[in-house]
Chemist: 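Take a look at the following structure, please.
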Amino acid sequence: LSPPLNMDAKWFAPHVAYTIAKFGMSMCALGMSEELKDDGIAVNTLWPRTTIKTAAVQNLLGGDALSSVSRTPEIMGDAAYAILTSPSKGCTGNFFVDDEVMATIGVQDLSKYNVTPGMKQTDLQSDFFV
C-alpha cells in the first residue's frame, strides 16, 4: 500500500520518515510502471480513503475509538481485485484510492465496509495523504 504523491509540506512535518517511506514506494511503482509497460506488466498503487481497521490502527494509533470510525479491510481486497483483474496494458502507473476504484466498477454504496453499521460516510476518519 502506498499513497498518491502529494508534496504538501503538511504530510512531511509530523512524520517525515514515514512519509518518505510511503512516497518512496509510490515513486518506485511509478518508475516500474513505465519500465515494464511494454512487457504488458502493470504496476499501480492503492491507498485507502479512510482509516482501515487493522491491528496497527487498533493497537497503536487509536484503539476502539479510531477503529469504530474506520472501514474494514475488505474494501481494500475488493479494490485490489478490481485493479488486478483489469487489462494490464491499459491500467498501469496509477495511484488508486479504494473508494474511487469501487466507483469505477459501479459500487457507490460503501456502507457495507463500515466497521460501525449505519455510520455516515462523512463521519469516517480520513487516512493520511488524502
Chemist: Is it true that Q125 and T51 share a donor-acceptor pair across their side chains at a distance under 3.5 Å?
Modeler: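 Q125 and T51 do not have a side-chain donor-acceptor pair below 3.5 Å.
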Chemist: Report yes or no: does D8 contribute a side-chain atom to a donor-acceptor pair with the main-chain N or O of K10 at less than 3.5 Å?
Modeler: yes
Chemist: Between K22 and S2, what is the shortest heavy-atom contact and its length?
Modeler: O-CB, 3.6 Å
Chemist: May I ask whether L36 and F96 are part of the same hydrophobic cluster, defined by side-chain heavy atoms of I, L, V, M, F, W, Y residues being less than 4.5 angstrom apart, directly or through others?
Modeler: no
Chemist: What is the distance from atom CG of D99 to atom CD1 of I75, rounded to the nearest 0.5 Å?
Modeler: 6.5 Å
Chemist: For the NZ atom of K37 and the OG1 atom of T92, what is their distance to the nearest 0.5 Å?
Modeler: 8.5 Å
Chemist: Working to the nearest 0.5 Å, report the span between CD of Q121 and CG of L110.
Modeler: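 Between Q121 CD and L110 CG, I get 5.5 Å after rounding to 0.5 Å.
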Chemist: Return the CD to CD1 distance between E74 and I52, rounded to the nearest 0.5 Å.
Modeler: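 If we round to the nearest 0.5 Å, E74:CD and I52:CD1 are 9.5 Å apart.
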Chemist: Donor-acceptor pair, distance only, cut-off 3.5 Å: does the side chain of N114 make one with the backbone of R71?
Modeler: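 No; zero donor-acceptor contacts below 3.5 Å.
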Chemist: If we ignore hydrogens and angles and just use 3.5 Å, is the side chain of T116 paired with the main-chain N or O of S68 as donor and acceptor?
Modeler: yes
Chemist: If you look at every heavy atom in W47 and P4, which pair is closest and at what distance?
Modeler: CB-CD, 3.9 Å
Chemist: Does one hydrophobic cluster hold both L1 and V57, with members joined at side-chain heavy-atom distances below 4.5 Å?
Modeler: no
Chemist: If every non-hydrogen atom of K53 is compared with every non-hydrogen atom of S70, which pair is closest and at what distance?
Modeler: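 Minimum heavy-atom contact is N-CB, 3.8 Å.
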Chemist: Scan side-chain atoms only and decide if Y113 and D78 contain a donor-acceptor pair under the 3.5 Å cut-off.
Modeler: yes
Chemist: Would you indicate whether Y18, at its atom OH, is surrounded by more than 12 heavy atoms from other residues, nucleotides or ligands within a distance under 6.0 Å?
Modeler: yes
Chemist: Which of parallel (below 30°), tilted (30 to 60°) and perpendicular (above 60°) describes F129 and F23?
Modeler: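 Tilted, since the angle between the ring planes falls between 30° and 60°.
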Chemist: Same cluster for I105 and V97 if Ile/Leu/Val/Met/Phe/Trp/Tyr side chains link at under 4.5 Å?
Modeler: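 Yes, same cluster.
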Chemist: Measure across V130 and P48 and return the closest heavy-atom pair with its distance rounded to 0.1 Å.
Modeler: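 That would be CG2-O, 4.0 Å.
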Chemist: Transitively linked via ILVMFWY side-chain contacts under 4.5 Å: I20 with F128?
Modeler: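 Cluster IDs for I20 and F128 match.
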Chemist: Using the rule given for side-chain contact (heavy atoms from CB on, under 4.5 Å), can you reason through Q58 versus L66, listing the C-alpha separation, both sets of side-chain angles and the distance that settles it, and then say yes or no?
Modeler: CA-CA 7 Å; Q58 181 67 39; L66 185 56; over 6 Å; no
Chemist: Quick one: does any side-chain atom of D39 pair with a main-chain N or O of I41 as donor and acceptor, under 3.5 Å?
Modeler: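 No.
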Chemist: Between F95 and P3, what is the shortest heavy-atom contact and its length?
Modeler: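 Nearest pair, atom of F95 first, then P3: CD2-O, 4.0 Å.
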Chemist: D98 side chain to R49 main-chain N or O, any donor-acceptor pair under 3.5 Å?
Modeler: yes
Chemist: What's the shortest heavy-atom distance between T50 and L124, and which atoms?
Modeler: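 Answer, listing the atom of T50 first, then L124: CG2-CB, 3.8 Å.
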Chemist: Do L46 and M32 share a hydrophobic cluster (ILVMFWY, side-chain heavy atoms under 4.5 Å, transitive)?
Modeler: no
Chemist: How many angstroms lie between CG in L30 and CE in M25, if you round to the nearest 0.5 Å?
Modeler: 14.5 Å
Chemist: State the CH2-OG1 distance between W11 and T19, to the nearest 0.5 angstrom.
Modeler: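 Going from the CH2 atom of W11 to the OG1 atom of T19 covers 8.5 Å.
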